[in-house]
Number of protein chains: 2
Amino acid sequence: MRLIVARCEVRYSGRLEALLPEALRLVMVKSDGSVMVHADTGGYKPQNWMTPPTVLELERGGEPAPDEALAPGERHDDGPVTTDVAPITRIVVRKRAGSTEDRLDIRVVEVLSDVVHDMGEAAALEKSGVERELQELLADAPEWCGEGFRLVRREWPTDIGPVDLMCRDATDGWVAVEIKRVGTIDAVEQLTRYLERLRAEPGMADVQGVLAAQQVKPQARTLAEGRGLRWVEVDPAVLRGEREPELTLFDV
Amino acid sequence: MRLIVARCEVRYSGRLEALLPEALRLVMVKSDGSVMVHADTGGYKPQNWMTPPTVLELERGGEPAPDEALAPGERHDDGPVTTDVAPITRIVVRKRAGSTEDRLDIRVVEVLSDVVHDMGEAAALEKSGVERELQELLADAPEWCGEGFRLVRREWPTDIGPVDLMCRDATDGWVAVEIKRVGTIDAVEQLTRYLERLRAEPGMADVQGVLAAQQVKPQARTLAEGRGLRWVEVDPAVLRGEREPELTLFDV
DNA sequence: ACTTAGATTTCGCCG
DNA sequence: CGGCGAAGTCTAAGT
């Protein structure tokens, strides 16, 4: 990873046109070709960036140095890039985008710091609490979606995509369950499209629909109810047995 | 901005639980409180992060150093943080998230580099080419949405949100125009919902719908046509008068 | 290669 | 502060 702190002006042209006036910024170049331009404020997002695959081009004192990118050649281990060569004056990042080209043009006025670090491979992130896990938990305990529900199968196929859970309810009626982390209007639309298809199947004319989510937005509740669909909020911690179900609807 | 290159293990708990095993990473701390943990690969996204507002807590050699964050005190100008104090052993980032707390816990095993840079304010970004501009261009030239179209008003209010453009067509009929950069199935659903509401209004029973986008996806075209909606692809460069309209529908 | 759906989406606007 | 729509969304998975 190469970290360049520099006063620079940045132009992006591609899906849109953007100009960052001259200011002090961090230019981060990853070994996978990612380039990000960060200001000291502005939160999570880089002010400008380019995702891989990219082609980098560096200029020093007006001279192109096409082979230099992450490993500047002057040294092999970590640390500051030596300054016994002309300073960087321009970094151009290119990327093929269909028939056109995305381009990030960084005009470097002054370099305050320029270091390279060999970080090796960083192990991947393990996470839990995403929609996939919610689906697994509800597949093991479908009664949280509705009283007496029994799972028939996960990922029930339709020609417009799989229904998350297909269940039978207490009276053996079919129920399609759509699972989201956050239940929005889009989730209700999606569930509606599934039911539209499913009800055309033989024996499925009466299939019901349930939206199960960690959080169901008010507008989604209203739309669901208006369409005769049910919705339910589920708590992953409760499903995992880590917490007792709430007895009240709201925290006091 | 503080840049710490360190071997570290990172735990996030909040909206989900995540663990990054020990590895070399960059920890970026912005003066607005943003914290991002980047690996050398993985592209645009940090492996872990916390958006402002946050509270930071640093430990050195097991001792908490609560007042240290961006300006470590040992120095005032830019550059490496002096190493005549015990090395950082832990960084805890906290954030209130409703009734609970989001927490990023960085256990630091080895610090390879730790520098602070004062970057001042970076001027804001100017951009063009997004949906807003498309709406402005089409508002000035609604005939690109359909022959004889005249604009009645932009952002026509409904109780489920504003319709981008409300027009009259060549025969004085109402037309609702939904504008997207990329026209997907969602855009057709959105337009459908607007029409559902609008047609309930007096005098609007026959309002037509048009989806106007720089690019309309095949599935969106099919869905729109199936619902009696029209769609049209528009080119911002042509709207701006920078380019002649294509005489063929497809590039050869 | 293209499309679809999820994301700790983030971000900005407007109530 | 919450809800909703847009984003250069990005990214992973499926076809």
Side-chain angles (χ1 to χ4, degrees), chain A residues 11-18 34 36-37 42-52 93 95-98 100 102-104 124-125 127-135 155 157 159-162 164 178-187 189-190 213-222, chain B residues 10-18 34-37 42-52 93 95-98 100 102-104 125 127-135 155 157 159-162 164 178-182 184-187 189-190 193 213-215 217-220:
Chain A
R11 265 170 218 280
Y12 165 76
S13 62
R15 275 173 280 194
L16 55 72
E17 304 289 325
S34 319
M36 282 144 286
V37 179
Y44 171 89
K45 282 186 80 172
Q47 281 189 315
N48 242 322
W49 72 92
M50 190 91 77
T51 51
V93 190
K95 178 175 167 178
R96 294 256 326 278
T100 75
D102 274 23
R103 186 193 176 95
L104 198 59
L125 178 69
K127 49 187 173 183
S128 67
V130 288
E131 181 184 315
R132 192 78 208 169
E133 196 204 4
L134 208 54
Q135 189 189 112
E155 307 279 353
D159 54 359
I160 55 168
D164 288 331
E178 175 62 31
I179 299 170
K180 295 284 180 204
R181 207 179 61 78
V182 180
T184 62
I185 244 175
D186 285 347
E189 298 283 14
Q190 194 179 340
Q214 225 176 314
Q215 187 196 5
V216 181
K217 298 285 183 185
Q219 297 209 358
R221 299 177 184 194
T222 307
Chain B
V10 187
R11 268 169 214 282
Y12 166 74
S13 62
R15 276 175 282 192
L16 56 71
E17 305 289 325
S34 318
V35 178
M36 282 144 286
V37 179
Y44 172 90
K45 282 187 80 172
Q47 283 190 313
N48 238 324
W49 71 93
M50 189 93 75
T51 51
V93 190
K95 178 175 165 179
R96 293 263 321 282
T100 78
D102 274 23
R103 185 192 177 95
L104 197 59
L125 177 70
K127 54 181 160 181
S128 72
V130 285
E131 179 182 319
R132 195 80 208 165
E133 196 205 4
L134 208 54
Q135 189 188 111
E155 306 278 352
D159 53 1
I160 53 169
D164 288 331
E178 175 64 30
I179 299 171
K180 294 285 180 205
R181 201 177 62 78
V182 180
T184 62
I185 249 177
D186 284 350
E189 297 283 15
Q190 193 179 342
R193 286 197 299 272
Q214 217 174 322
Q215 187 197 2
K217 296 286 184 187
Q219 296 207 357

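Reminder, nothing fancy here: chain letters follow the sequence lines and each chain counts from 1.
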Along DNA chain D (nearest heavy atom to each residue), the more 5'-positioned of Leu16(A) and Ala220(A): Ala220(A)
Within 6.0 Å of CZ in Arg193(B), more than 12 heavy atoms from elsewhere: yes
Between dT8(C) and dA6(D) - P atom distance, rounded Å: 22 Å
Gap separating the CZ atom of Arg181(A) from the CD atom of Gln215(A), nearest 0.5 angstrom: 8.0 Å
Nearest non-hydrogen partners of Tyr44(B) and Ser34(A), listed with the distance: N-OG, 4.2 Å
Spatial distance of atom CD (Glu189(B)) from atom CD1 (Ile185(B)) [nearest 0.5 Å]: 7.0 Å
Nearest-angstrom distance, C1' atom, dG6(C) to dT10(C): 14 Å
Least distance between heavy atoms, Pro46(A) atom then Met36(A) atom: CG-CG, 3.7 Å
Rounded distance (Å) that lies between atom P of dA7(D) and atom CG of Asp186(B): 14 Å
Spatial distance of atom CD (Gln190(A)) from atom CG (Asp186(B)) [nearest 0.5 Å]: 9.0 Å
Point-to-point distance, once rounded to the nearest 0.5 Å, from CD of Gln214(A) to CZ of Arg15(B): 10.5 Å
Spacing of Leu104(B) atom CG and Met50(B) atom CE [to the nearest 0.5 Å]: 5.0 Å
Closest non-hydrogen atom pair between Ala213(A) and Val182(A), with its separation: CB-C, 4.3 Å
Minimal non-hydrogen separation, Trp49(B) against Thr51(B), with atom names: CD1-CG2, 4.0 Å
Nucleotides 9-15 of chain C: protein proximity per nucleotide (B base, S sugar-phosphate only, - neither; heavy atom, under 4.0 Å): SSS----
Closest-nucleotide 5' rank along DNA chain D - winner of Lys95(A) and Pro162(B): Pro162(B)
Sugar-phosphate, base or nothing in reach of Met50(B), heavy atoms under 4.0 Å: nothing
Atom-pair distance (OH on Tyr12(A); P on dT9(D)), nearest Å: 8 Å
Between P of dG8(D) and CZ of Arg11(A), the distance in whole Å: 18 Å
Distance, rounded to the nearest Å, where Gln47(A) contributes CD and dT9(D) contributes P: 18 Å
Pairing stems for DNA chain D [at least three consecutive pairs; Watson-Crick or G-U; under 3.5 angstrom]: C:1-7 with D:9-15, C:9-15 with D:1-7
Set out, line by line, the N/O atom pairs under 3.5 Å between protein and nucleotides 3-6 of chain C.
| from | atom 1 | to | atom 2 | distance (Å) |
| --- | --- | --- | --- | --- |
| dT4(C) | OP1 | Gln219(B) | OE1 | 2.4 |
| dT4(C) | OP1 | Gln219(B) | NE2 | 2.8 |
| dG6(C) | OP1 | Glu131(A) | OE2 | 3.2 |
| dG6(C) | OP1 | Lys180(A) | NZ | 2.7 |
| dG6(C) | OP2 | Lys180(A) | NZ | 2.6 |

Interatomic spacing from NZ in Lys180(A) to CG in Asp164(A) - rounded to 0.5 Å: 6.5 Å
Crowding at CZ, Arg103(B) (>12 non-hydrogen neighbours, <6.0 Å): yes
Atom-to-atom span, CZ of Arg103(A) to C1' of dG8(D) - whole angstrom: 16 Å
Touch class at under 4.0 angstrom, heavy-atom based, for Asp102(B) against every strand present: nothing
P-based separation of dG12(C) from dC10(D) [nearest Å]: 16 Å
